Number of protein chains: 2
Amino acid sequence: MTHLVDPVVVTPDFECCKDCIGFNLRKATRAVSQFYDELLRPIGIRSTQYSLLVYLHMSGSITVTQLADNVVMDRTTLTRNLNVLEKEKFVTVISGLDRRTRLVTITQDGLVILDKAYPLWYQAQSRIKGAMSEAQLNGLLDNLSALVKAVQPNETLKN
Amino acid sequence: MTHLVDPVVVTPDFECCKDCIGFNLRKATRAVSQFYDELLRPIGIRSTQYSLLVYLHMSGSITVTQLADNVVMDRTTLTRNLNVLEKEKFVTVISGLDRRTRLVTITQDGLVILDKAYPLWYQAQSRIKGAMSEAQLNGLLDNLSALVKAVQPNETLKN
DNA sequence: TATTGGAAAAAGTATATGCACGTATTATTC
DNA sequence: GAATAATACGTGCATATACTTTTTCCAATA
């Protein structure tokens, strides 16, 4: 005959926290972003700014919320990041037809800095890619996408 | 007979920037860290703080620079993160034997909050792990470690 | 059409991040 | 032992990040 065990408080096994996805992601992001930033430093922009400018170049004019959704960034974070780019004259932010919305557009100055930044970014990207196989790289990118999908609130629940 | 081509400025192919390791890492880190933070919110600490407390619990007393090296965090970033934990009485920071150093130690309060946080962290970690196979997870962690090693300045050059 | 509900965005507050620089302490060298 | 180099750390400044609250505007409905 079996008995229920007492509800004891088990000391957590913190050893397994070494495999925390969040911790390891943040650690790698710090290191990798610093690496890109270092190569971009000569022209005075950071990797976060480069990524936003590239996206704006590819997307064309876009509202703040749409851009935030697309790059998986909190809207208020994006607003502040855009303020920096606007101050540098790399983007313009104007009111949309729906006057609640704000349309973000890359400027000529933004395109110029993008062209300057591209070879620097490419160098950083190449060096990092050199540390892993093509299969590893594709696997990594796939896994990162899967993570984003896994943790994002289900959009279908909105309807 | 071959000729050297004119040194033309080629329009960059920004399409390939979609595979930027830094951009995709940051994006996943934003989403994933938010997910952990959401589950940790009931007890009032963030995933960054949880990770630091876990590390301090496992390592015992440690200097700021050693800790920064181990978690691949800028020393000044760590100082500020520790200030928050110190304010909450989760860690103590005292002068070491070498009076230049500062010894960081987790407190009783820190251990208490750790025990409370563990099941919440475990739940988040489990849900995320559920989105991928064991092989994928191990591959991801391996790739993240490889990235950190790839971009870190070669330590042997210091000697 | 007046109201009400929802959407888009900014501002306030706080943590996270890192570079440049300065200070205190230890180690080294002459 | 004094001068110098190296180490450990913090502060000032700026960007990156996100939650909460408030404001503005559009849409739907009674």
Side-chain angles (χ1 to χ4, degrees), chain A residues 22-23 25-38 40-42 44-52 62-69 71-88 90 93-104 151 158-159, chain B residues 22-23 25-38 40-42 44-52 62-69 71-88 90 93-104 151 158-159:
Chain A
F23 171 65
L25 271 177
R26 286 190 296 275
K27 183 163 68 172
T29 297
R30 284 193 295 268
V32 168
S33 285
Q34 261 186 86
F35 186 73
Y36 284 92
D37 286 348
E38 190 179 339
L40 286 173
R41 194 161 305 142
I45 67 170
R46 301 186 178 191
S47 53
T48 48
Q49 302 170 347
Y50 176 77
S51 297
L52 274 183
I62 188 173
T63 68
V64 174
T65 295
Q66 277 179 330
L67 181 55
D69 285 346
V71 299
V72 190
M73 185 179 286
D74 187 273
R75 193 175 40 70
T76 66
T77 299
L78 179 58
T79 293
R80 285 162 159 91
N81 290 357
L82 289 174
N83 284 343
V84 178
L85 294 176
E86 200 180 11
K87 196 178 60 185
E88 299 284 342
F90 294 151
V93 184
I94 61 172
S95 204
L97 284 182
D98 181 336
R99 279 182 303 171
R100 290 172 301 183
T101 66
R102 305 261 287 161
L103 271 182
V104 188
V151 299
K158 281 188 178 178
N159 306 329
Chain B
F23 171 65
L25 271 177
R26 286 191 296 274
K27 182 163 68 173
T29 297
R30 284 193 295 268
V32 168
S33 285
Q34 265 186 83
F35 185 73
Y36 283 93
D37 286 348
E38 188 178 340
L40 286 172
R41 196 162 304 141
I45 67 170
R46 302 186 178 190
S47 53
T48 48
Q49 301 170 348
Y50 176 77
S51 296
L52 275 183
I62 188 174
T63 69
V64 174
T65 295
Q66 278 179 328
L67 181 55
D69 285 346
V71 298
V72 190
M73 185 180 286
D74 187 272
R75 191 179 43 72
T76 66
T77 299
L78 180 58
T79 292
R80 288 168 220 274
N81 291 356
L82 290 174
N83 285 343
V84 177
L85 294 176
E86 202 179 9
K87 196 178 60 184
E88 301 283 342
F90 294 150
V93 184
I94 61 171
S95 202
L97 284 182
D98 180 339
R99 279 183 303 172
R100 290 172 299 183
T101 66
R102 305 260 287 162
L103 271 182
V104 187
V151 300
K158 283 188 177 177
N159 306 328

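Chain letters run A, B, ... following the sequence lines, proteins first and then strands; every chain starts at 1. Treat the numbers as computed from the prediction; the structure is a model and nothing was measured.
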R75(A) (side chain) and dA9(C) (base): donor-acceptor pair under 3.5 Å:
yes
Could you check how far CD1 of I94(A) sits from P of dA8(C), rounded to whole Å?
18 Å
For L97(B) and dA27(C), give me the distance from atom CG to atom P, rounded to whole Å.
11 Å
Taking CD from Q49(A) and C1' from dA14(D), how many angstroms apart are they, rounded to a whole number?
10 Å
Could you report the tightest heavy-atom contact between R30(B) and V71(A), atom names first, then the distance?
NH2-O, 2.7 Å
Which part of the nucleic acid does T63(B) contact within heavy-atom distance under 4.0 Å: base, sugar-phosphate only, or nothing?
sugar-phosphate
Choose from dC26(D), dC19(D), dG18(C) the nucleotide whose nearest atom is closest to any side-chain atom of R99(A).
dC26(D)
Indicate, with a heavy-atom threshold strictly under 4.0 Å, whether T48(A) touches base, sugar-phosphate, or nothing.
sugar-phosphate
Please classify the nucleic acid contact of T77(A) as base, sugar-phosphate, or nothing, using heavy-atom distances under 4.0 Å.
base
Are any of Q66(A)'s side-chain N or O atoms less than 4.0 Å away from OP1 or OP2 of dA8(C)?
no
May I ask you to evaluate whether K87(B) reaches the phosphate of dT15(C), defined as a side-chain N or O under 4.0 Å from OP1 or OP2?
yes
Between dT11(D), dA8(C), dT25(C), which nucleotide gets closest to the side-chain atoms of R100(A)?
dA8(C)
Starting at atom CD of E38(B), determine the distance to atom C1' of dT17(D), rounded to an integer number of angstrom.
16 Å
Is a side-chain donor or acceptor of T79(A) paired with a backbone partner of R75(A) at a separation under 3.5 angstrom?
yes
Show the nearest heavy-atom pair for residues Q49(B) and L85(B), with the distance to one decimal.
CB-CD2, 3.7 Å
Starting from the 5' end of DNA chain C, give me the residue, V93(A) or R41(A), whose nearest nucleotide shows up first.
V93(A)
Minimum-distance pair of heavy atoms, taken over all atoms of V151(A) and V32(B)
CG2-N, 4.1 Å
From CD of Q34(B) across to P of dT20(D) the rounded distance in Å is 11 Å
Donor-acceptor pair under 3.5 Å, T76(A) side chain vs dC19(D) base
yes
Can you see if the side chain of R80(B) gets near the phosphate of dT17(C) - specifically, an N or O under 4.0 Å from OP1 or OP2?
no
Let me know, please, whether D37(B) or V64(B) comes out on the 5' side of the other along DNA chain D by nearest nucleotide.
V64(B)
Between T101(B) and M73(A), whichever has its closest DNA chain D nucleotide further toward 5' is T101(B)
What's the CG-C1' distance between L78(A) and dA11(C), to the nearest Å?
16 Å
Can you tell me the distance, in whole Å, between the OH atom of Y36(B) and the C1' atom of dA18(D)?
18 Å
Between dA18(D) (P) and R26(A) (CZ): distance, integer Å
12 Å
Assert: residue with more 5' nearest nucleotide on DNA chain C, out of R102(A) and V84(B), is R102(A)
Closest nucleotide among dT15(C), dT17(C), dA8(D) to the T65(B) side chain:
dA8(D)
OP1 or OP2 of dT17(C) versus the side-chain N and O atoms of N81(B): is any pair under 4.0 Å?
yes
Using only heavy-atom distances, determine whether the side chains of R26(B) and S33(A) contain a donor-acceptor pair under 3.5 Å.
yes
Less than 4.5 Å apart, any side-chain heavy atom of K27(B) and any of S51(A)?
no
